[in-house]
Asker: 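Could you have a look at this structure, given as structure tokens, before my questions?
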Amino acid sequence: MARTPGRKVLQLPTKAAADLLVAEWEAQGDLIDPSTMPVTRLVNSALDGVVTQMEAVREEIARFSASDLLCYRAEYPDDLVAAQAQHWDPILDWAHQELGARFILSQGIQYVAQPAPSLVAIEAALNKIDNPLRLAVLHVMTSLTGSALLALSHVFGHATLAQIWAAAHVDEDFQMRNLGGDEEAEARRAKRLEDLEAAGRLLVALG
């Protein structure tokens, strides 16, 4: 019987989710390379850690929302301001309309306290996610995008994976267009995208 590193039984609720793990294991050669098994790593994390710490995980995600990426806007140049609005405003509108959470925007990096009712609304949305695997997916997406609102918008079916990835990298893409990039940064970004896509595949497989 397959087990996690923490010796938990590696049991998944759907065949589709189990098939994702099987595919990763079958793709291994003589040596097992965990870095090429993002779904397996995510499932292990959920079963060994998240399942017994769900409230703590929810609290960590909620902390992201209290200073969410989408609330901190550039003052200039105009094309970056416009790009942020294009990618971020629809997510904030969704959070307001569907979750009842209205967020205050700030220019630059000056901290702005968000309304308490909005943070309570985010906590209520997080409490609806009672499956540790789904919560682990949400946590990974929050960490990779730097935004609880982007992650929630995908998990709740509002935004696509491609949309939240693009939204999370508005500033970075602007800098790359104007200043260029480097191979090391591009490699790190590709790895983050791989992990986000793996989380997305697991979310779909969970049904």
Side-chain angles (χ1 to χ4, degrees), residues 45 49-50 53-129 134-182 184-186 188-189 191-193 195-196 199:
S45 173
V50 175
Q53 304 176 52
M54 292 186 66
E55 191 55 37
V57 173
R58 291 191 185 100
E59 289 175 0
E60 184 175 346
I61 297 170
R63 283 195 292 272
F64 270 85
S65 70
S67 56
D68 204 271
L69 165 72
L70 308 193
C71 298
Y72 294 87
R73 304 299 180 94
E75 299 180 64
Y76 57 86
D78 290 346
D79 49 349
L80 176 57
V81 172
Q84 289 177 342
Q86 176 188 349
H87 287 277
W88 297 353
D89 286 358
I91 304 298
L92 290 169
D93 290 343
W94 167 82
H96 187 195
Q97 295 168 12
E98 298 299 325
L99 304 182
R102 181 180 63 83
F103 286 84
I104 298 171
L105 306 186
S106 174
Q107 288 189 323
I109 59 173
Q110 183 175 353
Y111 174 75
V112 58
Q114 298 299 335
S118 295
L119 300 180
V120 169
I122 294 299
E123 291 171 2
L126 291 170
N127 286 334
K128 293 178 181 178
I129 303 176
R134 290 177 65 85
L135 188 61
V137 165
L138 178 62
H139 183 262
V140 165
M141 290 184 172
T142 299
S143 298
L144 290 171
T145 62
S147 168
L149 298 180
L150 287 177
L152 282 165
S153 73
H154 179 69
V155 170
F156 280 99
H158 171 71
T160 67
L161 209 62
Q163 286 171 332
I164 69 169
W165 177 256
H169 293 83
V170 170
D171 292 359
E172 185 177 308
D173 287 342
F174 175 82
Q175 292 177 357
M176 289 178 65
R177 285 194 301 272
N178 289 275
L179 302 175
D182 62 75
E184 186 175 335
E186 290 175 4
R188 289 196 302 268
R189 176 166 169 159
K191 186 65 176 65
R192 294 199 308 272
L193 177 57
D195 289 343
L196 185 73

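Since we're looking at a predicted model, the values are computed, not measured.
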Asker: Any idea which heavy atoms bring Phe174 and Pro77 closest together, and the distance?
Answerer: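 Closest approach of Phe174 to Pro77: CZ-CG, 3.3 Å.
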Asker: Which residues pass the ring pair (Phe, Tyr, Trp, His ring centres under 6.0 Å) test with His87, not counting sequence neighbours?
Answerer: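 Ring pair (Phe, Tyr, Trp, His ring centres under 6.0 Å) check on His87 returns nothing, list empty.
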Asker: Return the set of residues passing side-chain contact (heavy atoms from CB on, under 4.5 Å) with Glu172 (not counting sequence neighbours), or none when no residue passes.
Answerer: His169, Met176, Arg189, Arg192
Asker: When rounded to the nearest 0.5 angstrom, what is the spacing between OG in Ser67 and CD1 in Ile109?
Answerer: 12.0 Å
Asker: What pairs of residues pass the ring-ring contact (aromatic ring centres under 6.0 Å, His included) test when at least one of them lies in residues 57-81, not counting sequence neighbours?
Answerer: none
Asker: What are the two closest heavy atoms between Ile164 and His154, and how far apart are they?
Answerer: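 Between these two residues, the closest heavy atoms are CD1-CB, 3.9 Å.
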Asker: Which residues pass the side chain to side chain donor-acceptor pair (under 3.5 Å) test with Gln114, sequence neighbours left out?
Answerer: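 Gln114 satisfies side chain to side chain donor-acceptor pair (under 3.5 Å) with no other residue.
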Asker: Tell me, please, which residues at least two apart from Gln163 pass side-chain contact (heavy atoms from CB on, under 4.5 Å).
Answerer: Ala159, Thr160
Asker: How long is the straight-line distance from CD1 of Ile122 back to CD1 of Ile61, given to the nearest 0.5 Å?
Answerer: 11.0 Å
Asker: How close do Ala83 and Val170 get, heavy atom to heavy atom, and via which atoms?
Answerer: CB-CG1, 3.8 Å
Asker: Under 3.5 Å, side-chain donor or acceptor atoms of residues 139-147 against the rest of the protein: list the pairs with distances, not counting sequence neighbours.
Answerer:
unit_1: His139; atom_1: NE2; unit_2: Glu60; atom_2: OE1; d: 3.4
unit_1: His139; atom_1: NE2; unit_2: Glu60; atom_2: OE2; d: 3.3
unit_1: Thr142; atom_1: OG1; unit_2: Leu138; atom_2: O; d: 2.8
unit_1: Ser143; atom_1: OG; unit_2: His139; atom_2: O; d: 3.1
unit_1: Thr145; atom_1: OG1; unit_2: Met141; atom_2: O; d: 2.8
unit_1: Thr145; atom_1: OG1; unit_2: Ser147; atom_2: N; d: 3.2
unit_1: Thr145; atom_1: OG1; unit_2: Ser147; atom_2: O; d: 3.2
unit_1: Ser147; atom_1: OG; unit_2: Asp68; atom_2: OD1; d: 2.7
unit_1: Ser147; atom_1: OG; unit_2: Asp68; atom_2: OD2; d: 3.3
unit_1: Ser147; atom_1: OG; unit_2: Leu149; atom_2: N; d: 3.3
unit_1: Ser147; atom_1: OG; unit_2: Leu150; atom_2: N; d: 3.0

Asker: At their closest point, which heavy atom of Trp165 faces which heavy atom of Leu193, and how far apart are they?
Answerer: CH2-N, 3.5 Å
Asker: Of all the heavy-atom pairs spanning Val50 and Ala136, show the shortest one and how long it is.
Answerer: CG2-CB, 4.0 Å
Asker: By side-chain contact (heavy atoms from CB on, under 4.5 Å), which residues pair with Glu184, not counting sequence neighbours?
Answerer: Asp182, Arg188
Asker: Check this for me, if you would: do Lys191 and Asp195 make a salt bridge, where the nitrogen-to-carboxylate-oxygen distance has to be below 4.0 angstrom?
Answerer: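 Yes.
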Asker: Short question: side chain of Trp88, backbone of Cys71 - any donor-acceptor pair under 3.5 Å?
Answerer: no
Asker: Can you name the side-chain contact (heavy atoms from CB on, under 4.5 Å) partners of Glu55, sequence neighbours left out?
Answerer: Arg58, Glu59, Asn127
Asker: For Asp79, which residues count as a side chain to side chain donor-acceptor pair (under 3.5 Å) partner, sequence neighbours excluded?
Answerer: none
Asker: Got a list of side-chain donor-acceptor pairs under 3.5 Å for residues 89-105, not counting sequence neighbours?
Answerer:
unit_1: Asp89; atom_1: OD1; unit_2: Arg73; atom_2: NH1; d: 3.1
unit_1: Asp89; atom_1: OD1; unit_2: Arg73; atom_2: NH2; d: 2.8

